[in-house]
Amino acid sequence: MSGKTLYDKLWDAHVVRANDDGSCLIYIDRQLVHEVTSPQAFEGLRLAGRQPWRVDANLATPDHNVPTTDRAAGLAGISDPISKLQVQTLDANCDEFGITEFKMNDLRQGIVHVVGPEQGATLPGMTVVCGDSHTSTHGALGALAHGIGTSEVEHVLATQCLIQKKSKNMLVKVNGKVGAGVTAKDIVLAIIGEIGTAGGTGYAIEFGGEAIADLSIEGRMTVCNMAIEAGARAGMVAVDEKTIEYVKGRPYAPGEAQWPAAVAAWSELHSDTDAVFDKVVELDAEAIKPQVTWGTSPEMVVAVDARVPDPAAEPDAVKRTGMEKALAYMGLKANMPVTDIKLDRVFIGSCTNSRIEDFRAAAAVVKGRKVASSVKQALVVPGSGLVKAQAQEEGLDKVFIDAGFEWREPGCSMCLAMNADRLGEGEHCASTSNRNFEGRQGAGGRTHLVSPAMAAAAAIAGHFTDVRDMTA
Amino acid sequence: MEKFVTLKGLVAPLDRPNVDTDAIIPKQFLKSIKRSGFGPNLFDEWRYLDRGEPGVDNHHRPLNPDFVLNQARYQGAQVLLARDNFGCGSSREHAPWALEDYGFRCIIAPSFADIFYNNCFKNGILPIVLAATVVDQLFAETAATEGYALEVDLPRQVVTTPGGDTFPFEVDEFRKHCLLNGLDDIGLTLQHVDEIKAFEEKHRAASPWLFRNADPRATGS
Ligand code: SF4
């Protein structure tokens, strides 16, 4: 018999029962909760007269609707009444059921996917769910993590289980080493460019190979975060020394007494050498350059030194019309150099890239330079209050502010424009987020997905530019 | 979810075909963060003379005296008698939420829109399909008799009129089982409580660190 993949191991360790129809009842170790997808789930619990199965398995924080400007006024400072109500409702629900919540003005508040790992609330070997598709992020720690719907949020609250069918196994192997100036974001954009946004549909993706092993845990989070953009509900990376080092000492991490047993268990969390994957994709790290998306889907991506693709060269008719539509929406011409794309706004933030390393990389580019006068707004939005505090301790806030960036409070912000931060009609934005769909960052807005260093470089230049030329 | 076994309920007649979910609960109420409390806005556009908005106290709104549910004789109705294609249009689950919140437990019609029909079962409402001729008869009897109530027996799958007529109806075995026992997806999973608990104990013994609370001394920085 062949060995097990990491996904097989995580799955097998959580099967409560197998149903006749092929679905399984899977035990959930951690549920992260935010304000948008939880109100009806709590309401359902109340109506049915149920209590959460295990209150301590849940951790909540508001992120999507919170303002990223001054928060001194507290909830009263949220101008949109519907946003305010959602945040208030989360507070009330967590208070009522006794769920730990990092409220809006708590130093630990932030984007759920930043907060979970930061607190050690996401641990290797866990099953993690959240009513949010980017829950795949947590797979970076060797956890099985996926996004769920509101009725499933209620199901997990009430039963600590989820009804799931097992996915197939895919390995994405990035061989060799990336060059200087090429980051985790460029790797994952290149992967999506290679396999497409539906390439991972039906699979759980394990990311492996030397270039992935070389990444920090934060970098691995960036990669796993976008597994969903490749169509996979879950992405993951095997546990190694870095994982264990990362977890150590965090508030929810095992204490000294449990530490050795935990580490022993975690060291098994990798695919066996003789494990068989249903699909294997290999990429050459050396060939990956800084990436920029030019269209309205994350797979519409090219290297910064390339030209915007020409639909006329696309033989597939469906793809060709898709490309034409995307170019029209984005206001770009075929064959124009990517470096000719001018930016109106720059957004450094989101659950993909709002951790301390992201800010260090961006600040290194920005330091001693100024945001181009043609750029209307350049925002830096930390992923959590703790990231913000750390950055300030390192003086990164000063670097950004001196260059002309705005330094904000933590939250999702311009990633999805549910709060006041958004693009105007037709504006181009260099964004470190994960979705460049039409209207995602505001009606008519045009999003280009890039790494934090590339976004910083674009802010300085006013147009896309190869960050490797600036740091050299 | 509330169980449904037998019901003897006052009948309210809604004599029009193709009642869509937007009529059942207009779209401005979907912004709610709740799935309860939709009852006062059930059939809002027909029931009131002004336009309903979320968060407005309905007690002071002018009622439409011609709308059937506003008539004294139908207060407290639990069975809604309807016409063809009831619940068509958008798939919003707010529609059964509103009907249930108002107090309806059973809807009788010659036909239902598919998604709405499914959504009813998830919310403790029994939708019953009876032949158009039978439904005609029930409409006539309801109009003729104040306090007209029907007996609905789910285990036996029959509807009985005050006059003693009995009409059998069809219902999917699995859905019947769920309604009889008050089981939704969660209810079904909770039938395996012992297995979940046994797993949890084993899991806790093997990986106790997964069941820890945060160390209050650590700050996470
Ligand atoms: S940062 Fe963006 S992608 Fe991430 S959770 Fe928030 S809205 Fe979703």
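Throughout, a chain's letter reflects where its sequence line sits, starting with A, and its residues are numbered from 1.
- Highest contact tally toward chain B, considering only A/Gly44, A/Gly385, A/Ala48, is held by A/Gly44 [criterion: heavy-atom pairs under 4.5 Å].
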| task | Run the numbers on B/Ile33 and A/Phe42 for side-chain contact (heavy atoms from CB on, under 4.5 Å), then give the verdict. | result | CA-CA 10 Å; B/Ile33 46 158; A/Phe42 282 111; over 6 Å; no
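- Residues A/Gln40 and B/Trp97 are in side-chain contact: their nearest non-hydrogen atoms beyond the backbone lie under 4.5 Å apart.
- Among residues at least two apart or in separate chains, salt bridge (charged side-chain N to carboxylate O under 4.0 Å, His left out) pairs with a member in residues 79-88 of chain B are B/Asp15-B/Arg83, B/Arg83-B/Asp136.
- The minimum heavy-atom distance linking B/Asp185 with A/His155 is given by the pair O-NE2, 3.7 Å.
- Counting non-hydrogen atoms of other residues, nucleotides and ligands closer than 6.0 Å to CD of B/Glu170 gives a total of 12 or fewer.
- The backbone N or O of B/His192 lies less than 3.5 Å from no partner atom in the side chain of A/Arg17, so there is not a single donor-acceptor pair.
- Neither the backbone nor the side chain of A/Ala57 comes within less than 4.5 Å of any heavy atom of chain B.
- How far OG1 of A/Thr159 is from CD1 of B/Ile196: 5.5 Å, rounded to the nearest 0.5 Å.
- Considering only heavy-atom pairs separated by less than 4.5 Å from chain B, the leading option among A/Ala261, A/Ala389, A/Ala265 is A/Ala261.
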| request: Assess whether salt bridge (charged side-chain N to carboxylate O under 4.0 Å, His left out) is satisfied between B/Asp184 and A/Arg50, documenting all intermediate values. | output: CA-CA 13 Å; B/Asp184 44 26; A/Arg50 294 187 174 117; 3.6 Å; yes
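- At a 4.5 Å heavy-atom cutoff, A/Glu393 makes no contact with chain B through either its backbone or its side chain.
- Taking CG of A/Asp29 as the start and CZ of B/Arg204 as the end, the distance is 11.0 Å to the nearest 0.5 Å.
- Proximity to chain B is absent for every atom of A/Val387, based on heavy atoms less than 4.5 angstrom apart.
- Within the 4.5 angstrom heavy-atom criterion, atoms from both the backbone and the side chain of B/Lys197 approach chain A.
- Expressed to the nearest 0.5 Å, how far CH2 of A/Trp53 lies from OG1 of B/Thr189 amounts to 10.0 Å.
- Between B/Pro208 and A/Gln258, the shortest heavy-atom distance links the atoms CB-NE2, 3.7 Å.
- Between atom CG of residue B/Leu188 and atom CD1 of residue A/Ile163 there is a gap of 7.5 Å, rounded to the nearest 0.5 Å.
- Ranked by heavy-atom pairs shorter than 4.5 Å toward chain B, the options A/Leu123, A/Thr89, A/Leu25 are led by A/Leu25.
- Remark: B/Ser207 OG to A/Met126 CE distance equals 9.5 Å, nearest 0.5 Å.
- In this view, A/Tyr27 and B/Phe199, B/His203 satisfy the ring pair (Phe, Tyr, Trp, His ring centres under 6.0 Å) rule, not counting sequence neighbours.
- With a 4.5 Å cut-off on non-hydrogen atoms, A/Ala257 does not touch chain B at all.
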